[in-house]
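Here is how names work: the chains are called A, B, and so on, in the same order as the sequence lines, proteins then strands, and each is numbered from 1.
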Number of protein chains: 2
Amino acid sequence: MVISSSQSSSAEQQSCPHNNAISCGNCRLGSICLPLALEGEDIVKLDEIVQRGRPIQKGEHLYRESDNFSSVYAVRSGVIKAYRITNDGQEQVTGFYFPGEIIGIDGISKDQYACSAKALETSAVCEIPFNRLEELSRQVPSMQRHFFQLMSQEITMDQQLITMLSKNSAEERVAALLISISARNARRKLSKTSFRLPMSRTDIGNFLGLTVETVSRVISRFNKQGLIAVESKEVTLLDLEGLKDIANIKIDF
Amino acid sequence: MVISSSQSSSAEQQSCPHNNAISCGNCRLGSICLPLALEGEDIVKLDEIVQRGRPIQKGEHLYRESDNFSSVYAVRSGVIKAYRITNDGQEQVTGFYFPGEIIGIDGISKDQYACSAKALETSAVCEIPFNRLEELSRQVPSMQRHFFQLMSQEITMDQQLITMLSKNSAEERVAALLISISARNARRKLSKTSFRLPMSRTDIGNFLGLTVETVSRVISRFNKQGLIAVESKEVTLLDLEGLKDIANIKIDF
DNA sequence: GGGTTTTCCTGATGTAGGTCAACGTGTTCT
DNA sequence: AGAACACGTTGACCTACATCAGGAAAACCC
C-alpha cells in the first residue's frame with residue numbers, strides 16, 4: 001500500500017511537499033542532522049545512500065527491540081518515541097526524537113536494536129543503511145567524525161538524564177523536559193514558547209521516572225503559578241526564565 | 001617525576017611485569033578491549049598509536065570535565081570512576097571502569113570531556129590518541145566497526161542504568177551492581193563470587209541514585225539474609241542466583 | 001602510636017512522590 | 001449520536017527512601 005505523502009501536514013513537510021524532490025542538499029533540517037562541514041560533492045554521496053520511505057502512521061513502529069539492525073533513521077517530520085520493555089514487562093521510555101534527530105544507533109553494538117521506535121504522530125524518516133554509512137565514513141573523514149560525535153552526543157544526553165533521574169525533583173524534571181522541547185523547537189525555527197506536546201502524560205512520566213499523577217500535578221501547579229498555560233496538549237511557556245531556574249540544569253537533550 | 005611501575009601489585013599487572021614489554025598483541029585484556037577480528041598486521045598498527053603511561057595514583061585524575069578532549073583510555077589495571085558535577089555542585093557518578101574497558105568517549109561530541117575520571121586505586125591505562133584512532137579506523141574497517149560498537153554499547157549501558165534509576169528499588173539496584181561487578185570479574189578470569197569493592201559506599205549510592213545510608217542498610221540486609229558475606233570492602237556472593245532474582249534484570253554494564 | 005579524619009553502620013523521624021480511587025474530558029468506532 | 005475506551009485531573013492515604021543524628025571502626029598522617 002502506498003500512501004500519498006502530500007496528505008501530511010506537519011510544518012516540516014509543508015516546506016518540501018514532493019517527497020522525490022527532497023535531497024539532503026535542500027533539506028531545511030540539514031544543518032541539524034548533517035555535518036556542517038560536508039562539501040557539495042559529499043552531500044551527493046550521502047544523498048545516494050539515504051532512502052526516503054512512506055510516512056509512518058501514528059502508533060506504527062519504525063523498528064522493534066531485537067529486530068536485526070540495519071539502518072539508522074533521521075526524523076524528517078513528526079515525533080518518534082524510543083522505549084524498551086523491562087524484564088517484568090514494564091515500558092521504559094528512553095527518548096523522544098524530533099525532526100533533525102537521529103535514532104537507532106543503539107542497535108550497532110549487538111547488531112540488533114536495543115529499543116523499539118514508535119511514531120507518536122504521523123512521521124516521516126530518512127533511512128540510512130548502516131553498512132553504506134560505514135563505507136562513506138571511511139571515504140569522507142568529516143562524515144566519520146560527525147558520526148562519532150553524534151554517538152558521543154547520545155551518550156552525554158543519556159548521562160544528563162541519568163543525573164536528572166538520580167538527583168532532581170519531579171518539578172525539576174518536568175521543567176527540564178519543557179525547556180528541552182522548547183530548545184529543540186528553536187533549533188528548527190519554531191516557536192520556543194508555544195507548542196503541542198506530542199506525547200501523553202504517561203509517556204512523559206515514564207521518561208522522567210515519575211507516575212502520570214505526579215506529572216499531571218506538576219503541570220497543573222506550573223499552570224496555577226503562571227509559569228505555563230496548558231490546554232490539554234497545547235502548552236505556552238509564559239516564564240521561560242522561571243522554568244530554567246526550576247530546572248536548574250543546562251540541558252540540550 | 002617517574003614512578004616505577006614494578007611497584008604495582010594488581011592482578012593484571014602481575015601477569016606482565018615490564019611495562020615496555022606490553023603490547024596490544026600480548027596483552028591478556030586484548031580480547032575484551034580489542035576487536036576480535038583484528039589481524040596481526042593491524043594489531044601492530046594499533047600498537048604504534050597506543051601510549052602506555054606511568055601509573056595513576058589513587059585519587060589522581062586521568063582527566064577532568066571540560067579538559068580538551070584528545071584521547072580515549074583503556075584501563076589496564078585498577079579502577080577508574082567517571083563523574084560529573086551538577087549545576088548545584090553535587091557529584092554524579094556516571095560509571096566505574098574496570099580493566100579492559102574504555103573510558104573517555106563522551107568527550108568526542110564537544111571536543112572536551114563531559115566527565116572527570118579519577119582513579120579509585122592505583123591504576124594503569126593505555127592512552128589512545130583519538131585523531132590517530134580516527135585515521136586507523138578509516139584504514140581498517142574492522143577497527144571502525146569496533147569503535148562504533150563500543151560507543152553504541154556505552155549507550156545501551158547508560159539506557160540500562162536509566163531504566164534502573166527510574167524503575168527499580170534500592171535492593172534491586174544494589175543487587176544489580178554486585179552482579180555487574182561479578183560478571184566483569186568473570187570476563188577477566190577472576191573470581192565471580194569473591195572480590196574487593198573498589199569504591200566507597202558513597203560512590204555506590206551516588207551511582208545508583210541512593211544515599212549512603214540506604215546502600216549500607218541494603219548491604220547489611222543482604223549480609224543477614226546470607227545472600228552475601230561482607231567485611232568492609234571485601235564481598236563474597238554466597239547466593240548468586242538469589243541476587244539475580246532480586247536484581248531482576250539482565251545486566252552487562 | 002596516638003590523634004585526626006574519613007568511612008561505615010544503625011536508629012528515629014520526615015516527606016516527596018507512589019498508590020488507589022473516583023470522576024471529567026476527549027477520541028474512536030459503529 | 002451515543003457507547004466504549006483511553007487519557008487527564010484531583011483528592012486521600014501510604015510507603016520507600018531521605019534526612020538527621022550518634023557512635024564504631026578503618027584509614028591516614030604527622
Item to check | B:Leu210 backbone acceptor or donor facing B:Thr214 side chain under 3.5 Å | outcome: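 Between the backbone of B:Leu210 and the side chain of B:Thr214 there is no qualifying donor-acceptor contact (under 3.5 Å).
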
Checklist entry - Between A:Ser123 (side chain) and A:Glu121 (backbone), is there a donor-acceptor pair under 3.5 Å? => result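 Yes.
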
Polar atom pairs (N or O), protein with nucleotides 16-20 of chain C, under 3.5 Å:
| residue | atom | partner | partner atom | Å |
| --- | --- | --- | --- | --- |
| C:dG17 | OP1 | A:Ala170 | N | 2.7 |
| C:dG18 | OP1 | A:Gly209 | O | 3.4 |
| C:dG18 | OP2 | A:Thr211 | N | 3.2 |
| C:dG18 | OP2 | A:Thr211 | OG1 | 2.9 |
| C:dG18 | OP2 | A:Thr214 | OG1 | 2.5 |
| C:dT19 | O4 | A:Arg217 | NH2 | 2.9 |
| C:dC20 | N4 | A:Glu213 | OE2 | 3.1 |

Residues in side chain to side chain contact (heavy atoms under 4.5 Å, CB included) with [X], at least two apart?
X	result
B:Ala114	A:Thr156, B:Arg84, B:Asp106
B:Ser66	B:Gln112
A:Ser71	A:Tyr73, A:Tyr113, A:Glu127, A:Pro129

Checklist entry - Run the side-chain contact (heavy atoms from CB on, under 4.5 Å) check on B:Ile56 and B:His61 step by step: do they pass? => result CA-CA 8 Å; B:Ile56 300 163; B:His61 278 83; over 6 Å; no

Item to check | Derivation of the side-chain contact (heavy atoms from CB on, under 4.5 Å) call for A:Arg173 and A:Leu165 | outcome: CA-CA 8 Å; A:Arg173 297 182 207 187; A:Leu165 290 174; 3.8 Å; yes

Item to check | Boundaries of the DNA chain D segment in contact with chain B, non-hydrogen, under 4.0 Å | outcome: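 Result: D:dC17 to D:dC28.
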
Checklist entry - Got a sec, which pairs hit salt bridge (charged side-chain N to carboxylate O under 4.0 Å, His left out) with one end in residues 190-206 of chain B, sequence neighbours left out? => result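 Output for this query lists B:Lys81-B:Asp203, B:Arg196-B:Glu234.
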
Checklist entry - According to the salt bridge (charged side-chain N to carboxylate O under 4.0 Å, His left out) rule, which pairs have a member within residues 213-228 of chain A, sequence neighbours left out? => result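 Passing the test, one end in residues 213-228 of chain A: A:Glu171-A:Arg221.
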
Checklist entry - What one-letter contact string describes nucleotides 22-30 of chain C from 5' to 3', where B marks a base within less than 4.0 Å of any protein heavy atom, S marks contact via sugar-phosphate atoms alone, and - marks no contact? => result ---------

Item to check | Listed partners of A:Glu65 passing salt bridge (Lys or Arg N to Asp or Glu O under 4.0 Å), at least two apart | outcome: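 Listed in chain order: nothing, the list is empty.
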
Next on the checklist: So, using salt bridge (Lys or Arg N to Asp or Glu O under 4.0 Å) as the criterion, who are the partners of A:Arg64 when residues are at least two apart?
Outcome noted: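 Expected list: none.
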
Next on the checklist: Could you tell me how far apart B:Leu120 (CG) and C:dT6 (C1') are, to the nearest whole angstrom?
Outcome noted: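 Between C1' of C:dT6 and CG of B:Leu120: 15 Å.
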
Checklist entry - Who passes side chain to side chain donor-acceptor pair (under 3.5 Å) against B:Ser194, sequence neighbours left out? => result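 With sequence neighbours excluded, B:Ser194 shows a side chain to side chain donor-acceptor pair (under 3.5 Å) to B:Thr236, given in chain and number order.
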
Checklist entry - Is a side-chain donor-acceptor pair under 3.5 Å present for A:Asn87 with B:Lys167? => result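 Absent: no donor and acceptor within the cut-off.
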
Checklist entry - At how many degrees, to 10°, do the end axes of the helix from C:dG1-D:dC30 to C:dT30-D:dA1 meet when each uses five pairs? => result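 Here the local axes at opposite ends form an angle of 60°.
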
Next on the checklist: Counting the atoms with a prime plus P, OP1 and OP2 as sugar-phosphate, which does A:Ser216 contact under 4.0 Å by heavy atoms, base, sugar-phosphate, or nothing?
Outcome noted: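 Counting heavy atoms under 4.0 Å across all strands, the contact made by A:Ser216 includes a base.
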
